[in-house]
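Some notes on the structure that comes next.
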Amino acid sequence: MLRKKKKFYLTTAIDYINAPPHCGHALEKIQADVIARYHRLLGEEVFFLTGTDENSLKNVQAAKEEGIPVKKLVDRNAKRFYELKKALNLSFNDFIRTTEERHIKGAQKLWLACKKDIYKKTYRGLYCLGCEEFYQESELEDGLCPEHKTKPELVEEENHFFRLSEYQNQLKKIIEDDEVEIIPETRKNEVLSFINQGLEDICISRSAKRAHGWGINVPGDPSQKVWVWLEALSNYINALGYGENGENFQKFWQRNENKLHVIGKGIIRFHALYWPAFLLSAGLPSPNKIFVHGYLTIGGQKMSKSLGNIVDPFELVKKYGTDPVRYFLLREIPSTEDGDFTYDKFEQRYNSDLAKGLGNLVARTFTMVEKYCNGRVPEIDKDPDSHPLRIDKKIHNWKKAWQDVDNSLTVTYQFNEALSSIWKFITEADRYIEENRPWDLAQKRKKKELNWILYGLLDAIHQIAWQIFIFLPDTALKIAKALELEKILVENPNYKDSWTNIKPGTKIKKIEPLFPRI
RNA sequence: GCCGGGGUAGCUCAGUUGGUUAGAGCGUCGCACUCAUAAGGCGGAAGUCGUGGGUUCGAGCCCCACCCUCGGCACCA
């Protein structure tokens with residue numbers, strides 16, 4: 001048993017915190033959480049990181065609007081993001097803020113490691129004083145700032161630049177060859193077509209004045225602040241202790257072929273091009289996979305402050321519970337595309353899949369065991385592994401469901417397909433009850449047959465608990481608890497060893513309906 | 001504008017290298033059942049497969065044109 005554990009490192013994007021978290025943030029965190037939980041289920045050593053991006057000028061502006069110090073604003077908002085952990089039952093191991101010392105130290109170390117590719121150049125651009133941002137000419141409307149309708153000024157500033165152009169061919173190769181695998185493929189193609197247009201050097205600093213003194217200093221040049229993206233990306237190694245060459249950095253970054261970034265479609269270029277380029281420059285290994293998810297829309301519209309359609313994940317959880325929120329986002333939203341949220345859709349999913357599906361199956365099975373078997377797991381005289389719910393090839397048996405779960409969580413990241421497969425099995429279990437009519441068997445006192453049927457159903461429910469453990473952890477535990485399997489699920493979750501854990505004679509604990517109908 | 005996805009039942013989508021009556025889930029309607037959260041099962045209705053041409057013995061799948069929609073097009077999650 002001294003076999004070395006496989007390692008797995010995954011991260012989410014670190015969020016801008018000039019506003020509180022919304023459901024789109026929740027979607028990404030939950031997706032990453034499920035992946036992390038699955039790899040733990042496989043017995044791997046998992047390090048799951050998330051955090052906040054706090055050096056942006058947007059925070060300075062937001063603080064100004066509220067009339068509070070920037071530090072106060074980021075502290076308060078970062079806390080809100082951290083609180084998603086409890087609300088959504090996230091299992092991340094670390095939460096990094098880019099205002100932390102360990103991050104600043106690492107970001108500056110990375111800058112110095114890239115030194116050979118950094119040079120100074122005068123940058124000239126159209127700058128809107130109101131937005132405090134540079135604009136491309138193509139972004140202007142009639143030569144005016146789209147936000148303020150004012151004419152931007154031509155501003156010159158000496159900045160540091162990074163020789164991205166030097167890495168064009170290398171980047172093209174590692175992406176084409178899936179050394180850095182981009183999922184789904186359409187995103188990979190987008191990145192490649194972007195490279196094919198030719199890569200230019202990028203500006204990686206701005207004047208401290210323009211940044212209002214907020215941000216991380218360029219090493220050796222206090223008049224300049226590090227461009228937020230360069231330092232933000234470095235959070236992925238800083239949290240592992242890159243700054244002080246820590247043990248986790250060696251273990252999870254340097255000597256690990258399983259590094260995954262989970263991000264939204266809007267920031268793919270930074271992750272698929274700039275980040276690997278910085279790492280190449282610094283002589284560090286690249287991430288192995290980048291999974292790009294879509295965005296959440298609300299009633300078909302983009303979530304936005306001005307539309308006032310932002311859905312607060314905390315309120316949603318308060319109203320419906322953690323697992324239903326996790327279930328909806330994972331089941332209803334195709335992970336690689338945009339997906340839509342409405343309360344109607346939410347409640348429909350809740351009722352049809354959770355209340356009438358899983359919840360009802362558990363309730364009816366437990367009641368029959370209560371009535372016909374004195375509430376105990378029945379004795380059987382056959383091999384559990386010959387039970388049709390496990391092996392019948394004509395039905396969508398639970399072994400098939402496991403295959404789909406595995407494929408979804410290690411290859412395609414289509415969580416909806418995994419859940420759909422598990423729920424197909426739930427339907428099979430319901431059908432199995434209907435076909436075998438345990439109530440008739442009980443009346444005819446066909447004890448042996450009845451036991452076999454009910455044992456198979458309990459076994460199926462036990463298996464479902466294992467399968468949904470990564471998606472709906474609380475629900476899985478409730479079921480496992482009723483079956484007196486909670487300890488095994490928590491402490492030794494490896495599913496391959498769990499197939500015969502249902503013990504005849506075990507008293508089934510009564511439980512409340514898992515998902516009361518709305 | 002350029003490049004790339006899509007447009008298939010009320011809704012969300014599957015449809016393999018072109019081949020007989022186009023599929024699933026949800027919703028809806030009907031039937032029988034009763035262990036269950038008025039849940040579950042079975043059955044039915046429902047589609048001129050974006051439009052117009054073309055290739056072919058045969059096209060949702062191939063070609064052309066057009067319409068609509070979504071995404072990408074550098075320092076902006």
Side-chain angles (χ1 to χ4, degrees), chain A residues 13-19 24-25 28 53 56-58 123 125 131 133-136 138-139 146 159 161-162 164 184-206 227-230 232 263-271 273-274 292 294-295 297 331-334 336-340 342 344-345 348-349 351-372 416-417 420 423-424 426-427 429-443 450 453-454 457 512-518:
Chain A
I14 54 174
D15 300 303
Y16 264 13
I17 54 169
N18 55 329
H25 295 109
E28 174 177 296
D53 182 5
S56 160
L57 199 56
K58 292 239 164 77
Y123 179 78
C131 304
E133 268 177 39
F134 280 100
Y135 279 101
Q136 298 294 308
S138 57
E139 291 176 300
N159 293 128
F161 277 73
F162 176 81
L164 184 67
E185 191 142 13
T186 52
R187 298 294 169 198
K188 172 179 169 179
N189 293 338
E190 273 176 25
V191 171
L192 285 171
S193 80
F194 184 80
I195 296 176
N196 289 334
Q197 289 170 36
L199 298 181
E200 289 171 22
D201 292 351
I202 51 173
C203 175
I204 54 166
S205 76
R206 53 189 53 180
W227 176 47
V228 283
W229 268 109
L230 168 57
I263 60 167
K265 63 184 184 181
I267 54 175
I268 183 170
R269 206 171 56 238
F270 304 99
H271 286 79
L273 294 176
Y274 302 170
V292 186
Y295 285 157
T297 58
R331 176 65 183 84
E332 182 80 17
I333 312 300
T336 58
E337 291 159 52
D338 286 358
D340 194 47
T342 65
D344 269 2
K345 283 180 184 171
Q348 200 152 83
R349 269 288 169 211
N351 279 334
S352 71
D353 294 8
L354 296 177
K356 302 179 192 175
L358 176 58
N360 188 55
L361 173 66
V362 170
R364 67 195 301 207
T365 303
F366 282 12
T367 301
M368 286 190 281
V369 171
E370 176 74 34
K371 284 191 179 171
Y372 309 143
N416 55 341
E417 308 241 316
S420 146
W423 257 255
K424 241 161 123 182
I426 289 175
T427 296
D430 272 327
R431 196 174 288 144
Y432 181 77
I433 294 175
E434 211 64 40
E435 279 167 5
N436 291 284
R437 303 175 59 85
W439 47 91
D440 280 353
L441 298 175
Q443 209 181 10
L450 179 63
I453 305 295
L454 291 179
L457 285 166
E512 294 294 304
L514 293 171
F515 305 100
R517 233 195 114 172
I518 297 172

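Heavy-atom basis, side chains included; hydrogens, waters and symmetry copies ignored. All of these numbers come straight from a predicted model, not from anything done at the bench. To find a chain, count down the sequence lines: A is the first, B the second, and so on, and within it residues start at 1.
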>> With rounding to the closest Å, how many angstrom separate the C1' atoms on B:U51 and B:G6?
In response: 16 Å
>> Under 4.0 Å, counting only non-hydrogen atoms across every strand here, what does A:G198 touch: a base, just sugar-phosphate, or nothing?
In response: base
> So do the side chains of A:H271 and A:V292 get within less than 4.5 Å of each other, counting heavy atoms only?
Replying inline: no
> Contact class for A:P438 vs. all strands (heavy atom < 4.0 Å): base, sugar-phosphate, or nothing?
Replying inline: nothing
>> I need the CG-P distance between A:N436 and B:G40, as an integer number of Å.
In response: 19 Å
> Does A:S193 have any side chain to side chain contact (heavy atoms under 4.5 Å, CB included) partners at least two apart in sequence or in another chain, and if so, which?
Replying inline: none
>> Can you identify which nucleotide, out of B:G40, B:G27, B:U37, has its nearest atom closest to the A:Q348 side chain?
In response: B:G27
> How far does the P atom of B:G71 sit from the matching atom of B:A45, given to the nearest Å?
Replying inline: 38 Å
>> Side chain of A:E190, heavy atoms from C-beta onward: which of B:G40, B:A36, B:G72 has the nearest atom to it?
In response: B:G72
> When rounded to the nearest Å, what value does the distance between C1' atoms of B:G52 and B:C68 take?
Replying inline: 15 Å
>> Check this for me, if you would: do A:E434 and A:R431 make a salt bridge, where the nitrogen-to-carboxylate-oxygen distance has to be below 4.0 angstrom?
In response: no
> Which nucleotide, B:C13, B:G27, B:G40, lies nearest any side-chain atom of A:N360?
Replying inline: B:G40
> Quick one: A:R187 CZ to B:G71 P, roughly how many Å, whole number?
Replying inline: 9 Å
>> Measuring only the C1' atom in each nucleotide, how far is B:G40 from B:A32? A whole number of Å is fine.
In response: 13 Å
> 5'-most contact on RNA chain B: A:N351 or A:T365, nearest heavy atom basis?
Replying inline: A:T365
>> Output the rounded distance in Å from CD1 (A:I195) to C1' (B:G72).
In response: 13 Å
> Which of these nucleotides, B:A36, B:U37, B:A74, is closest to any side-chain atom of A:T367?
Replying inline: B:A36
> Do the ring planes of A:F270 and A:W227 sit parallel (below 30°), tilted (30 to 60°) or perpendicular (above 60°)?
Replying inline: tilted
> What integer number of Å spans the C1' atoms of B:U48 and B:A59?
Replying inline: 15 Å
> Under a 3.5 Å cutoff on both atom distances, Watson-Crick or G-U, what's the dot-bracket for RNA chain B ([ ] crossing, | other strand)?
Replying inline: (((((((..((((.....[...)))).((((.........)))).....(((((..]....))))))))))))....
> Tell me: CG of A:L192 to C1' of B:G72, nearest whole Å?
Replying inline: 13 Å
> Partners of A:N436 by side chain to side chain donor-acceptor pair (under 3.5 Å), sequence neighbours excluded?
Replying inline: none
> Can you name the salt bridge (Lys or Arg N to Asp or Glu O under 4.0 Å) partners of A:E332, sequence neighbours left out?
Replying inline: A:R349
> Say you pick atom P in B:G44 and the same atom in B:A24; how far apart are they, in whole Å?
Replying inline: 10 Å
> Using the C1' atom in both, what is the distance from B:G43 to B:C49, to the nearest Å?
Replying inline: 26 Å
> Think A:R269 has a side-chain N or O under 4.0 angstrom from the OP1 or OP2 of B:C73?
Replying inline: yes
>> In the structure I gave you, are the side-chain heavy atoms of A:I433 and A:L361 within less than 4.5 Å of one another anywhere?
In response: yes
> When all nucleic acid strands are considered with a 4.0 Å heavy-atom cut-off, which category describes A:A13: base, sugar-phosphate, or nothing?
Replying inline: nothing
> If you measure from the P atom in B:G15 to the same atom in B:U8, how many Å do you get, rounded?
Replying inline: 14 Å
>> If you compare every side-chain N and O of A:K356 against the phosphate oxygens of B:A38 (OP1, OP2), does one of them come in below 4.0 Å?
In response: no
>> Reading RNA chain B from 5' onward, which residue's closest nucleotide shows up sooner: A:F194 or A:G266?
In response: A:F194
>> Quick check for you: among B:U37, B:C73, B:C76, whose closest atom lies nearest to any side-chain atom of A:F270?
In response: B:C76
> At under 4.0 Å between heavy atoms, what does A:K265 touch on the DNA or RNA strands: base, sugar-phosphate, or nothing?
Replying inline: sugar-phosphate
> What integer distance in Å separates A:L354:CG from B:U37:P?
Replying inline: 17 Å
Below 3.5 Å is the cut-off: list the nitrogen or oxygen pairs between protein and nucleotides 31-34 of chain B, distance only.
residue: B:C33; atom: O3'; partner: A:R437; partner atom: NH2; Å: 3.3
residue: B:C33; atom: O2'; partner: A:R437; partner atom: NH1; Å: 3.0
residue: B:C33; atom: O2'; partner: A:R437; partner atom: NH2; Å: 3.4

> Taking atom C1' of B:U12 as reference, at what distance in whole Å does atom CG of A:N416 sit?
Replying inline: 10 Å
Sub-3.5 Å pairs of nitrogen or oxygen atoms, protein against nucleotides 42-44 of chain B:
residue: B:C42; atom: OP1; partner: A:R431; partner atom: NE; Å: 2.7

> A:D15 CG to B:C76 P: how many Å, rounded?
Replying inline: 19 Å
>> How many whole angstroms separate atom CD of A:E332 from atom P of B:U12?
In response: 10 Å
>> Nearest to the side chain of A:E200, heavy atoms from C-beta on, is which of B:A74, B:G71, B:A36?
In response: B:A74
> Is atom NZ of A:K265 surrounded by more than 12 heavy atoms (other residues, nucleotides or ligands) closer than 6.0 Å?
Replying inline: yes
> So A:R187 and A:T336, side-chain contact (heavy atoms from CB on, under 4.5 Å) or not? Walk me through it.
Replying inline: CA-CA 9 Å; A:R187 298 294 169 198; A:T336 58; over 6 Å; no
